[in-house]
There are 2 protein chains.
Amino acid sequence: MVLPSTAGAEPRKITINDVAKSAGVSRQTVSRALNDKDEIDVDTKQRVLDAARALGYRPSRFARGLVRQDTMTIGLVIPDLLNPFFTEVAAAALEAARSRGWQVVVYDTGDRAEEELGTLQVISSQVDAVIGYFSCPESELEKFTRGMPVVLIGREQRTRFSAITIDGSEGVHAAVAHLVARGHTRIGMLDHHTRAEPSVRHEWFTTAAVAHGIDPGLVVGADQTADGGGAALRAMLAAHPDVTAVFTFNDIIALGALREARRLGRNVPHELAVIGFDGLQLGALVEPPLTSVALDTRGLGALAIEQIARLLSGTEALAADELVVRGELRLSGSA
Amino acid sequence: MVLPSTAGAEPRKITINDVAKSAGVSRQTVSRALNDKDEIDVDTKQRVLDAARALGYRPSRFARGLVRQDTMTIGLVIPDLLNPFFTEVAAAALEAARSRGWQVVVYDTGDRAEEELGTLQVISSQVDAVIGYFSCPESELEKFTRGMPVVLIGREQRTRFSAITIDGSEGVHAAVAHLVARGHTRIGMLDHHTRAEPSVRHEWFTTAAVAHGIDPGLVVGADQTADGGGAALRAMLAAHPDVTAVFTFNDIIALGALREARRLGRNVPHELAVIGFDGLQLGALVEPPLTSVALDTRGLGALAIEQIARLLSGTEALAADELVVRGELRLSGSA
DNA sequence: AGCGCTCCCGTGAGCGCTCACGGGACTGCT
DNA sequence: AGCAGTCCCGTGAGCGCTCACGGGAGCGCT
């Protein structure tokens with residue numbers, strides 16, 4: 001929390017009283033002029049407006065907010081704005097918030113735990129509600145957001161907070177079914193390099209594979225980058241040369257795999273099919289376009305805002321089974 | 001400006017006085033406890049903290065901001081958060097702001113003029129400074145941001161405001177030089193479909209082409225999308241089948257052209273070289289990776305924040321010739 | 001003249017918080 | 001006993017603004 005380095009002349013803040021004095025009227029009249037209210041003479045209004053302009057007056061948002069409590073500011077916390085998935089979510093949330101006249105301040109934690117905590121600390125005194133993707137333990141969250149509406153994104157566990165869960169089981173099932181229908185029998189997964197526990201997406205894959213009588217054991221971990229996806233594909237093909245299709249943890253990894261396949265001279269989709277997860281818009285930028293289990297990120301953002309609104313107004317909040325975004329297989333060129 | 005639909009019970013906001021009463025102390029003691037100040041007994045402090053928690057108290061940011069004027073909020077206005085260029089700029093600005101302890105509220109105007117005006121209206125009463133990419137006339141800007149620090153991005157004209165200009169002349173020159181060195185003699189440009197006047201980037205191209213004795217007339221307009229880039233490439237090749245290299249208005253268009261080239265079976269870079277503009281990170285996602293005249297978006301964001309800080313503090317502001325981000329040719333696979 | 005009405009405009013209060021100050025209680029010292 | 005010093009704590013004021021109210025001036029009407 002750094003003070004705004006107010007070095008220099010510090011011209012003393014101009015208040016509504018200064019304008020009033022300058023225009024020869026009262027505070028209230030100034031207020032009326034600025035807020036476009038009735039009960040004011042046109043000439044007076046103009047005079048006040050002129051005085052305000054001349055003085056460079058701008059109303060204090062704090063004073064205004066204090067008295068008419070009508071400005072909602074919600075904090076959006078994401079791990080990495082440069083990750084297209086979160087960008088899409090952010091854009092959706094922004095849009096949904098705008099339609100309600102709400103402000104959104106965005107915090108990028110850079111996927112670092114310390115930043116996450118620091119952000120929480122700041123946020124707790126700066127916004128009216130929080131939407132975010134947190135990895136810190138719930139107790140920490142609880143500590144800082146006490147009494148504030150919070151909507152989590154992508155948390156798996158049921159929590160004290162509202163959480164929008166992402167359910168890709170059906171979509172992944174459909175993806176595997178599609179691959180099987182195309183004759184693939186050796187299907188690998190490029191999972192996300194996680195600390196210890198395998199990802200939920202991996203579980204979906206396993207379930208789907210088993211359901212189709214496919215060996216679910218062909219799994220390689222990958223960094224959540226294109227390079228990571230490429231490296232993982234190489235590792236996969238080295239370990240299991242007979243793999244003809246891969247499902248990936250997300251689209252970034254899939255794009256890396258696609259690129260790597262081209263470098264290896266393997267034709268996609270004929271010699272190697274690739275299916276990603278997320279359904280990012282940029283999947284359409286590559287050739288062939290990426291087939292993916294797509295999430296409705298717009299819906300996700302809108303859902304989050306909707307739930308915040310309900311929590312805030314005391315209206316009946318959405319139940320956990322309504323706070324779900326389902327993945328849906330979107331076929332394209334890569335599989 | 002919609003009121004936060006405060007239907008329902010409306011449990012009356014809990015203030016510092018409620019906590020004070022509940023803990024049997026004065027306002028000031030509560031304040032001391034919450035702000036971790038001295039001159040308070042440990043037991044009292046704990047008692048106050050407990051009371052605050054029990055009541056679900058959370059301090060009003062407005063009241064707090066009103067008395068200690070130490071929170072800076074800057075508004076970041078961009079046309080489209082889904083456009084990777086602006087995402088990168090936003091991420092950079094966010095980071096630079098964070099290091100100063102400033103808040104950033106993001107506004108996405110969706111590239112619509114009405115939204116731009118609406119945003120300006122809102123912003124003027126909600127933030128302390130503005131960084132943004134505006135297309136509206138300067139007079140409108142002036143009207144809403146009077147007396148507020150403003151830093152524009154990518155505006156060409158000298159203005160009353162601080163503006164960070166993007167100078168790609170050298171970079172484009174280098175790009176054309178590179179193509180010429182590789183033996184290309186027929187170089188086209190996929191320009192941006194603009195209302196009437198050709199883009200500045202087009203001027204740079206023309207200048208560079210002429211300097212190398214190349215015909216600068218091979219220009220086709222394109223939508224600022226990948227599809228637009230693809231269509232433009234088709235049009236270009238139809239009109240000028242002998243073109244062997246294209247320079248594009250930006251990377252999105254370039255990526256579309258790359259994709260189209262692959263669809264047309266033209267090998268990149270051997271049968272068709274492509275050079276983009278912006279240097280987006282996602283240029284590395286495709287194969288071959290995109291060669292581009294890269295802009296330092298991080299630097300751009302940092303520069304904008306720095307200038308805001310100077311304008312705010314009365315320190316000597318950066319001059320126009322310091323507010324420049326230069327494009328630099330970044331060679332990669334596509335040319 | 002007296003009344004009611006409209007049209008303007010100003011005054012007190014208060015939003016919820018922090019800052020500067022004052023002061024009581026208790027200690028240890030001369 | 002008297003005094004300075006420390007440790008807590010509370011009181012008034014004020015941040016800049018809006019809301020609810022009150023009230024004067026001017027009009028037309030009876």
Side-chain angles (χ1 to χ4, degrees), chain A residues 1 3-4 6 10-49 51-52 55-73 124-126 128 147, chain B residues 1 3-4 6 10-49 51-52 55-71 73 124-128 147:
Chain A
M1 185 86 69
L3 294 179
T6 40
E10 186 63 19
R12 209 184 66 72
K13 191 105 164 78
I14 297 150
T15 78
I16 198 173
N17 288 307
D18 300 323
V19 180
K21 207 166 299 172
S22 165
V25 295
S26 71
R27 296 188 310 256
Q28 177 62 1
T29 302
V30 176
S31 175
R32 277 192 269 255
L34 265 56
N35 297 338
D36 236 19
K37 295 211 174 172
D38 287 348
E39 309 200 359
I40 183 171
D41 187 84
V42 256
D43 294 341
T44 314
K45 183 169 178 176
Q46 194 53 51
R47 194 154 39 93
V48 171
L49 258 33
L55 293 176
Y57 167 71
R58 59 192 6 267
S60 152
R61 69 170 181 283
F62 294 118
R64 182 173 286 179
L66 188 55
V67 49
R68 26 183 264 216
Q69 342 220 57
D70 64 348
T71 38
M72 270 297 302
T73 304
S124 62
S125 64
Q126 298 288 4
D128 302 306
Chain B
M1 184 88 66
L3 293 180
T6 40
E10 185 64 19
R12 208 183 65 76
K13 191 108 164 74
I14 297 150
T15 77
I16 197 173
N17 288 309
D18 300 323
V19 180
K21 207 166 297 171
S22 164
V25 294
S26 73
R27 296 189 311 259
Q28 177 61 4
T29 302
V30 176
S31 175
R32 276 192 269 255
L34 264 57
N35 296 338
D36 235 20
K37 295 210 174 172
D38 287 348
E39 309 200 359
I40 184 172
D41 188 85
V42 256
D43 294 341
T44 314
K45 183 168 176 174
Q46 193 53 52
R47 192 154 40 92
V48 171
L49 257 33
L55 293 176
Y57 167 71
R58 62 190 10 265
S60 151
R61 68 172 184 282
F62 293 118
R64 184 173 282 179
L66 187 56
V67 48
R68 25 183 263 218
Q69 344 222 55
D70 62 348
T71 38
T73 304
S124 62
S125 64
Q126 298 288 3
V127 301
D128 303 305

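First the proteins, then the strands, lettered A, B, ... as listed; each starts at 1. In this text, all values refer to a predicted model and were calculated from it rather than measured experimentally.
Regarding B:Ile14, its CD1 atom lies at a distance of 13 Å from the C1' atom of C:dG16, rounded to whole Å. Atom CG of B:Asp18 is separated from atom P of C:dG16 by 9 Å (rounded to the nearest Å). Rounded to whole Å, the distance from CD on A:Gln69 to P on D:dC17 is 17 Å. To the nearest angstrom, P of D:dG16 lies 14 Å from CG of A:Leu55. Here the C1' atom of nucleotide C:dG16 and the CG atom of B:Leu34 are 13 Å apart, to the nearest Å. The CD atom of A:Gln126 sits 14 Å away from the C1' atom of C:dC17 (whole-angstrom rounding). If you take CG of A:Asn17 and P of D:dC17, they are 8 Å apart, rounded to a whole angstrom. The distance from atom CZ of A:Arg61 to atom C1' of C:dC15 is 17 Å, rounded to the nearest whole Å.
Residues meeting the side-chain contact (heavy atoms from CB on, under 4.5 Å) test with A:Lys37, sequence neighbours left out: A:Arg32, A:Asn35. For A:Asp36, the salt bridge (charged side-chain N to carboxylate O under 4.0 Å, His left out) partners at least two apart in sequence or on another chain are A:Lys45. Among residues two or more places apart in sequence or in another chain, the side-chain contact (heavy atoms from CB on, under 4.5 Å) test is passed with B:Ala20 by B:Val30. Partners of A:Arg61 under the salt bridge (charged side-chain N to carboxylate O under 4.0 Å, His left out) rule, at least two apart in sequence or in another chain, are B:Asp128.
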Could you pull out the protein-nucleic contacts involving nucleotides 8-10 of chain C (nitrogen or oxygen on both sides, under 3.5 Å)?
residue, atom, partner, partner atom, Å
C:dC9, OP1, A:Thr44, OG1, 2.4
C:dC9, OP2, A:Asp41, N, 2.8
C:dC9, OP2, A:Thr44, OG1, 3.4
C:dC9, N4, A:Glu39, OE1, 2.8
C:dG10, OP1, A:Ser26, N, 3.4
C:dG10, OP2, A:Ser26, N, 2.8
C:dG10, OP2, A:Ser26, OG, 2.9
C:dG10, OP2, A:Thr29, OG1, 2.4
C:dG10, N7, A:Arg32, NH2, 2.8
C:dG10, O6, A:Arg32, NH1, 3.4

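Smallest separation of non-hydrogen atoms from A:Leu55 and A:Ser22: CD1-CB, 3.9 Å. B:Arg58 approaches B:Lys13 most closely through the heavy-atom pair O-NZ, 3.7 Å. Closest approach of A:Gly65 to A:Thr71, counting heavy atoms only: CA-OG1, 4.5 Å. The two residues B:Leu34 and B:Tyr57 come nearest to each other via the heavy atoms CD2-CE2, 3.2 Å. Here the shortest heavy-atom pairing between A:Ala23 and A:Arg47 reads O-NH1, 2.6 Å.
Nearest nucleotide to the side chain of B:Arg68, out of D:dC19, D:dT18, C:dT18: C:dT18. Distances from the side chain of B:Asn35 to the nucleotides C:dC17, D:dG16, C:dT18 place C:dT18 closest.
Between its opening and closing five pairs, the helix from C:dA1-D:dT30 to C:dT30-D:dA1 changes axis direction by 60°, a value rounded to 10 degrees.
Taking side-chain N and O atoms only, B:Ser31 has no distance below 4.0 Å to OP1 or OP2 of C:dC17.
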